[in-house]
Colleague: 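Just dropping this structure here.
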There are 2 protein chains.
Amino acid sequence: MAQTNFSTRERILGVAEALFARHGFAGASLRQVTATAKVNLAAVNYHFGSKDGLIEEVFRRRLDELNRERLAALAKAANTDLETVLDAFIRPALNQSLHSQGGAAFVRVLARAYAEHDERLRRFLSDNYGHVLREFAQVFARLLPHLGKEELYWRLDILAGAVTYAMADFGIIKRRAATSEESHRRQAVSHLITFAAAGLRAPPSPG
Amino acid sequence: MAQTNFSTRERILGVAEALFARHGFAGASLRQVTATAKVNLAAVNYHFGSKDGLIEEVFRRRLDELNRERLAALAKAANTDLETVLDAFIRPALNQSLHSQGGAAFVRVLARAYAEHDERLRRFLSDNYGHVLREFAQVFARLLPHLGKEELYWRLDILAGAVTYAMADFGIIKRRAATSEESHRRQAVSHLITFAAAGLRAPPSPG
DNA sequence: ATCTGGCTCAAACGATCGTTTGAATCATAG
DNA sequence: CTATGATTCAAACGATCGTTTGAGCCAGAT
């Protein structure tokens with residue numbers, strides 16, 4: 001977690017991401033972050049202005065790439081089937097987890113952000129994330145013509161929760177020692193797509 | 001939120017529940033709690049020993065009733081269909097939200113607890129919650145004979161996440177002003193059951 | 001009326017919080 | 001080499017954190 005071969009700025013971001021994932025935004029202090037990153041305490045305020053500035057930058061640097069990957073995958077999947085579109089949404093989050101330093105922590109940080117009803121953070125995420133969700137919603141609407149607009153939104157809301165929770169690995173299932181982290185997460189994605197596709201395809205609710 | 005007509009102990013619990021839901025365990029201070037409850041600061045340590053003791057009591061007083069209601073509903077639903085069993089799991093959480101002071105906040109606190117990877121809290125929840133989940137898992141296993149043990153556990157893990165997030169109302173759907181809080185949450189339950197039942201019934205994953 | 005135990009109170013404890021300061025250090029351009 | 005702007009540093013700021021203390025209050029029992 002120390003990442004001593006990176007720049008001060010990058011070390012702070014990496015460590016902050018991991019500690020925010022583990023202890024929350026309020027629960028992880030700047031002194032913990034800077035001590036773990038082997039960096040001076042004042043470096044956070046120098047590079048990011050404030051703790052809130054650090055939090056926003058933790059999101060920004062990952063969301064940019066995540067959004068790009070999701071939209072690229074969506075473009076390829078738009079005229080295929082439901083499972084492929086779900087895969088386009090879910091797999092980039094998995095790739096972040098596997099191919100980038102501490103990316104697994106970021107998915108957890110993202111899930112925490114949902115739990116924070118903090119208005120400032122929600123607006124920030126909506127500004128930097130909303131257009132991606134809206135594009136996916138349009139494709140889902142086309143693939144699920146049996147659902148009314150209201151019903152579709154409910155389904156997507158439930159889907160977002162299930163995906164967030166599952167990718168953040170909040171669940172009770174313990175990865176077996178024999179199974180690698182990568183294999184475990186690939187299984188999570190596979191089961192998630194199966195579950196979500198069936199949930200979205202279900203006939204309209206009676207209520 | 002002040003609840004001035006209750007005892008000191010109950011006022012603290014009610015206010016703590018609401019503030020933990022909104023700001024998290026680390027984010028809500030005892031000074032906020034006691035000031036909002038119009039109670040002396042030292043009362044928390046007097047009645048609950050410590051902040052951690054307060055957190056545990058916030059869970060205990062609601063979980064006892066929630067567990068009881070869920071198991072009672074499960075006993076009635078055990079020999080019916082999947083939707084009824086899902087209802088037995090989900091509806092008690094809804095009832096807590098509607099019929100008890102600040103119960104809606106508790107569901108949010110419970111969802112936050114999932115995000116905390118704090119070992120102490122997880123063990124506490126496992127001790128006071130695990131047997132209920134295990135009983136439901138047995139019934140689900142009987143109702144879903146097409147799923148292997150491994151596959152079933154994955155589905156239930158995803159289900160738990162979807163239920164937790166949806167009931168905590170973390171999603172993006174805004175309740176319309178014309179819709180009452182009660183009606184909104186009943187809709188959430190209804191859509192959740194439809195989605196979850198279809199997700200659980202889906203054929204085994206190819207992976 | 002006095003004693004007693006449960007409870008509340010203001011006040012303070014040391015620790016830790018996010019942030020700021022100003023000097024020291026570094027790399028780079030002139 | 002010197003000058004300059006960027007970065008790092010130790011130290012301290014006031015505020016707030018969870019917790020403890022000991023005096024005071026207020027019942028109900030003796």
Side-chain angles (χ1 to χ4, degrees), chain A residues 1-61 109 112-113 116 118-121 124, chain B residues 1-61 109 112-113 116 118-121 124:
Chain A
M1 192 155 62
Q3 313 185 37
T4 48
N5 50 334
F6 288 92
S7 75
T8 295
R9 200 187 132 89
E10 284 167 342
R11 284 211 299 279
I12 293 174
L13 285 171
V15 169
E17 183 174 70
L19 291 180
F20 287 156
R22 182 141 40 215
H23 302 113
F25 303 112
S29 73
L30 295 186
R31 282 173 174 81
Q32 278 182 272
V33 170
T34 53
T36 307
K38 297 190 199 307
V39 151
N40 188 271
L41 170 61
V44 169
N45 287 288
Y46 177 77
H47 285 283
F48 306 101
S50 66
K51 186 178 186 179
D52 279 345
L54 170 60
I55 293 173
E56 286 198 3
E57 193 55 32
V58 165
F59 282 106
R60 197 189 317 271
R61 76 164 177 163
V109 174
R112 276 205 187 260
E116 304 281 336
D118 179 271
E119 201 48 49
R120 184 166 176 272
L121 191 53
F124 174 82
Chain B
M1 191 154 64
Q3 312 185 39
T4 48
N5 51 335
F6 289 93
S7 75
T8 295
R9 199 187 133 89
E10 283 167 344
R11 284 213 299 280
I12 292 174
L13 285 171
V15 169
E17 184 174 70
L19 291 181
F20 288 156
R22 181 139 42 215
H23 301 114
F25 303 113
S29 73
L30 296 186
R31 282 173 174 81
Q32 278 183 272
V33 169
T34 53
T36 307
K38 297 189 199 307
V39 151
N40 187 273
L41 171 60
V44 169
N45 288 292
Y46 177 78
H47 286 283
F48 306 101
S50 66
K51 186 178 186 178
D52 279 344
L54 170 61
I55 293 174
E56 287 198 2
E57 193 56 32
V58 164
F59 283 106
R60 198 189 316 273
R61 76 165 176 163
V109 174
R112 273 201 186 264
E116 306 281 337
D118 179 90
E119 201 47 49
R120 184 165 177 273
L121 192 53
F124 174 83

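Quick note on labels: first sequence line is chain A, next is B, and so on, each numbered from 1. Bear in mind the structure is a predicted one, so any value in this text is a computation, not a measurement.
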Colleague: Determine the minimum heavy-atom distance between A/A113 and A/L121, stating which atoms define it.
Modeller: CB-CD2, 4.0 Å

Colleague: Can you name the side chain to side chain donor-acceptor pair (under 3.5 Å) partners of B/E56, sequence neighbours left out?
Modeller: B/R120

Colleague: At the 4.0 Å heavy-atom cut-off to chain A, mark where contacts on DNA chain D begin and end, going 5' to 3'.
Modeller: D/dA6 to D/dA12

Colleague: Does A/G49 or A/G27 map to a spot on DNA chain C nearer the 5' end, using the closest nucleotide for each?
Modeller: A/G27

Colleague: Residues in side chain to side chain contact (heavy atoms under 4.5 Å, CB included) with B/A21, at least two apart?
Modeller: B/A105, B/R108, B/V109

Colleague: Report, one pair per line, the protein and nucleotides 6-10 of chain C atoms (nitrogen or oxygen only) whose separation is under 3.5 Å.
Modeller:
from	atom 1	to	atom 2	distance (Å)
C/dC7	OP2	B/Y46	OH	3.4
C/dT8	OP1	B/T8	OG1	2.3
C/dT8	OP2	B/H47	NE2	2.8
C/dC9	OP2	B/N40	N	3.3
C/dA10	OP2	B/N40	ND2	3.4
C/dA10	N7	B/N40	ND2	3.3

Colleague: Going by salt bridge (charged side-chain N to carboxylate O under 4.0 Å, His left out), name the residues that satisfy it together with B/E116, two or more places apart in sequence or in a different chain.
Modeller: A/R112

Colleague: Could you give all pairs that pass the salt bridge (Lys or Arg N to Asp or Glu O under 4.0 Å) test and reach residues 40-49 of chain B, with sequence neighbours left out?
Modeller: none

Colleague: State which residues pass side chain to side chain contact (heavy atoms under 4.5 Å, CB included) with A/A26; sequence neighbours excluded, sorted by chain then number.
Modeller: B/A26

Colleague: Would you confirm whether A/K38, through its side chain, and A/R11, through its main-chain N or O, come within 3.5 Å as a donor-acceptor pair?
Modeller: no

Colleague: Taking salt bridge (charged side-chain N to carboxylate O under 4.0 Å, His left out) as the test, write out the residues that go with A/R31, two or more places apart.
Modeller: none

Colleague: Five pairs per end, C1' atoms only: what is the angle between the end axes of the helix from C/dA1-D/dT30 to C/dG30-D/dC1, to 10 degrees?
Modeller: 10°

Colleague: Looking at every non-hydrogen atom in both residues, tell me the closest pair between B/V33 and B/V15 and how far apart they are.
Modeller: O-CG1, 3.6 Å

Colleague: Taking only residues two or more places apart in sequence or in another chain, which ones pass side chain to side chain contact (heavy atoms under 4.5 Å, CB included) with A/A43?
Modeller: A/T8, A/I12, A/V39, A/H47

